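Working notes, structure below.
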Amino acid sequence: MKSENSKTILLTGGAGFIGSHLVRHLVKKYPFYQIINLDALTYAGNLENLKDIEEAENYTFIKTDITNAEKIQALFNAYKFDSVIHLAAESHVDRSISDPLAFAKTNILGTMNLLNSFKNLWQNQWKDKLFYHISTDEVYGSLGKTGFFTETTAYDPNSPYSASKASSDHFVRAYGETYGLPFIISNCSNNYGPYQFPEKLIPLFINNIILNKKLPVYGAGKNTRDWLYVVDHAKAIDKVFHEGKQGETYNIGGFNEWTNIDLINLLCDLMDEKLNRPVGESKKLISYVKDRPGHDFRYAIDASKIKNELGWKPSVNFEQGLEKTIDWYLKNQKWLENVTSGEYLKYYEKQYGN
Ligand code: NAD
Ligand code: DAU
């Protein structure tokens with residue numbers, strides 16, 4: 001018998017970077033919720049990320065691919081999820097350039113399978129139900145030197161990744177309009193922190209500095225990103241899930257813009273300090289390479305809505321967050337070794353040629 005406060009939440013992509021932080025946060029904070037983590041364990045999913053909570057009574061892991069419509073429907077029928085928090089996705093822009101179809105399959109069709117199963121299960125009995133879709137600021141395209149993305153900025157995606165995420169956002173909204181399915185979408189800026197797969201800028205460069213490998217800076221290094229510590233994103237998702245208004249979008253961001261080259265220089269200085277290397281040593285590894293095709297120039301989130309309406313703001317400043325992140329990677333080099341062996345090496349060779 002469920003208590004009044006209990007919920008059965010399907011969290012997809014919980015073995016990935018953001019998902020694992022969110023699973024940990026919810027499992028610990030809400031012992032009366034059942035958190036069901038559904039993940040296909042692709043190269044980006046890793047159960048080692050959840051070692052510390054895997055025995056928790058309110059946590060269950062299920063290995064399934066969201067592109068498998070039948071299995072997904074069977075799970076919805078068996079568990080009767082009241083809420084879905086959907087993070088599972090192909091998430092790396094460079095991979096979307098070499099294999100766009102994989103992104104359409106998981107990010108668009110996978111999202112549609114979840115929407116259909118949710119709709120089939122509840123058949124318009126929507127009281128206390130919610131489909132919360134986790135999306136990205138990349139759906140808004142690229143900014144020039146000024147301005148911010150707000151919740152009303154028109155979608156203008158430039159990469160196969162952002163096009164697939166934009167499409168999934170549109171389907172979620174369309175199911176809301178057409179079938180009355182209760183939904184919320186949030187669009188977040190670049191996350192960083194522990195457990196991020198070392199294909200993304202910050203962990204890739206930390207790993208390369210440790211290994212004395214080149215730091216491949218795309219183009220002139222002037223592209224700008226707005227960075228948010230991943231635990232702050234998990235807390236924002238918690239806020240939106242519990243207090244957000246159905247049918248609304250919330251932008252989540254760190255008010256924290258850095259050009260890539262400024263960020264890389266800071267990272268190099270911190271790494272020299274942590275590794276007791278002479279000042280300037282890591283910067284010697286910087287190597288300017290061919291730009292990413294369709295490379296968005298600048299992302300910057302106006303997070304006023306979530307701040308004013310829900311009272312959320314980032315709690316970790318960038319210098320602290322970056323130091324925590326570096327310390328974690330230096331302490332967890334075994335994790336790095338494990339995730340960079342095998343398949344990832346083939347990808348690295350294809351992407352960077354060494
Ligand atoms: P990630 O790549 O680290 O993790 C993705 C997870 O999804 C992995 O555990 C993987 O195994 C799982 N997955 C992939 N395909 C699947 C499938 N077909 N079926 C089931 N599981 C599958 O991604 P992340 O960086 O943690 O991003 C999570 C979500 O947040 C994504 O939807 C992404 O678009 C969004 N997002 C990410 C960022 C960021 O900076 N990383 C920012 C904004 C939004
Ligand atoms: O904005 C949110 C998005 O942030 C998320 O939706 C994506 O899932 C996430 O991957 C991230 O996308 P980016 O493309 O911004 O992140 P990435 O870490 O790949 O790159 C950050 C910047 O660094 C970008 O301008 C490209 C540049 N870069 C990246 C890599 C991997 C380099 O210069 N060299 C590199 O080797």
Side-chain angles (χ1 to χ4, degrees), residues 12-23 37-47 49-50 62-68 71-72 85-97 102-103 105-107 109-111 113-114 133-140 142 149 159 161-162 164-165 168-169 186-193 195-205 208 214-228 230 233-234 237 252-253 258-261 263-264 286-292 294-301 339 348 351-352:
T12 69
F17 166 49
I18 301 169
S20 61
H21 285 278
L22 183 63
V23 166
N37 172 13
L38 185 156
D39 198 297
L41 298 182
T42 67
Y43 78 94
N46 185 350
L47 289 178
N49 301 359
L50 291 162
I62 300 174
K63 182 175 184 298
T64 302
D65 194 314
I66 58 169
T67 62
N68 186 330
K71 274 199 183 162
I72 293 296
I85 309 181
H86 175 36
L87 293 94
E90 287 293 342
S91 71
H92 190 41
V93 174
D94 292 325
R95 286 183 190 255
S96 82
I97 295 167
F103 283 67
K105 282 183 185 150
T106 286
N107 299 356
L109 288 178
T111 301
N113 287 337
L114 295 168
H133 180 60
I134 305 301
S135 192
T136 169
D137 60 357
E138 299 200 10
V139 297
Y140 298 122
S142 182
F149 297 135
S159 72
Y161 163 68
S162 51
S164 67
K165 290 296 291 188
S168 66
D169 293 11
S186 59
N187 297 79
C188 190
S189 64
N190 287 61
N191 285 215
Y192 70 99
Y195 299 110
Q196 187 169 31
F197 194 83
E199 63 186 353
K200 309 278 166 73
L201 181 74
I202 291 179
L204 174 72
F205 279 31
N208 282 13
K214 285 190 175 163
L215 305 177
V217 179
Y218 295 160
K222 295 290 183 202
N223 301 65
T224 299
R225 297 290 182 265
D226 176 359
W227 294 93
L228 178 69
V230 62
H233 188 191
I237 293 173
I252 304 172
W258 287 78
T259 63
N260 290 341
I261 196 63
L263 188 160
I264 291 159
I286 291 175
S287 150
Y288 290 91
V289 300
K290 196 167 155 279
D291 208 352
R292 171 187 278 174
H295 195 176
D296 287 333
F297 177 66
R298 174 171 164 259
Y299 303 145
I301 282 276
V339 300
Y348 196 90
Q351 177 69 13
Y352 300 108

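Remember, it's 1-based here, ligands and their atoms both numbered in the order they're listed. What you see below is based on every heavy atom in this structure, not just the backbone, and it leaves out hydrogens, waters and symmetry mates. Note that the coordinates shown come from a computational prediction; the quantities given were computed from them, not determined experimentally.
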With sequence neighbours excluded, tell me which residues meet side chain to side chain donor-acceptor pair (under 3.5 Å) with His86. Thr12, Thr111

Whether the side chain of Asp291 engages the backbone of Val289 through a donor-acceptor N/O pair (distance < 3.5 Å, no angle test) should be reported. no

Side-chain contact test, heavy atoms from C-beta onward, threshold under 4.5 Å: evaluate it for Thr136 versus Tyr161 and give yes or no. yes

Would Arg95 and Tyr43 count as having a side-chain donor-acceptor pair, cut-off 3.5 Å? yes

To the nearest 0.5 Å, what is the distance between CG on Asp226 and CD1 on Ile301? 6.5 Å

Between the side chains of Tyr218 and Asp94, is a donor N or O closer than 3.5 angstrom to an acceptor N or O? yes

Could you point out which residue of Ile18, Asp39, Leu50 forms a side-chain contact (heavy atoms from CB on, under 4.5 Å) with Val23? Leu50

Could you check ligand 1 for N or O atoms lying under 3.5 Å from protein N or O atoms and list the pairs with distances?
residue, atom, partner, partner atom, Å
ligand 1, 2 (O), Ser91, OG, 2.7
ligand 1, 3 (O), Phe17, N, 3.0
ligand 1, 9 (O), Gly16, N, 2.9
ligand 1, 9 (O), Asp39, OD1, 3.2
ligand 1, 9 (O), Asp39, OD2, 2.5
ligand 1, 11 (O), Asp39, OD1, 2.5
ligand 1, 11 (O), Thr42, N, 3.0
ligand 1, 11 (O), Thr42, OG1, 3.1
ligand 1, 18 (N), Asp65, OD1, 2.8
ligand 1, 18 (N), Thr106, OG1, 3.1
ligand 1, 19 (N), Ile66, N, 3.0
ligand 1, 21 (N), Ala40, N, 3.1
ligand 1, 23 (O), Ser91, OG, 3.3
ligand 1, 26 (O), Phe17, N, 3.4
ligand 1, 26 (O), Ile18, N, 2.8
ligand 1, 32 (O), Leu87, O, 2.8
ligand 1, 32 (O), Lys165, NZ, 2.7
ligand 1, 34 (O), Tyr161, OH, 2.6
ligand 1, 34 (O), Lys165, NZ, 3.1
ligand 1, 40 (O), Asn191, N, 2.9

With sequence neighbours left out, write down each residue that passes salt bridge (charged side-chain N to carboxylate O under 4.0 Å, His left out) with Asp169, or none if nothing qualifies. none

Using heavy atoms and a cut-off under 4.0 Å, could you grab the residues that are in contact with ligand 2, chain by chain, numbers ascending? Ser91, His92, Val93, Asp94, Thr136, Asp137, Glu138, Tyr161, Cys188, Ser189, Asn190, Glu199, Lys200, Leu201, Leu204, Phe205, Pro216, Val217, Tyr218, Asn223, Arg225, Asn260, Arg292, His295, Tyr299, Tyr352

Using the six-membered ring wherever Trp is involved, compare the ring planes of Phe17 and His21 and label them parallel, tilted or perpendicular (cut-offs 30° and 60°). perpendicular

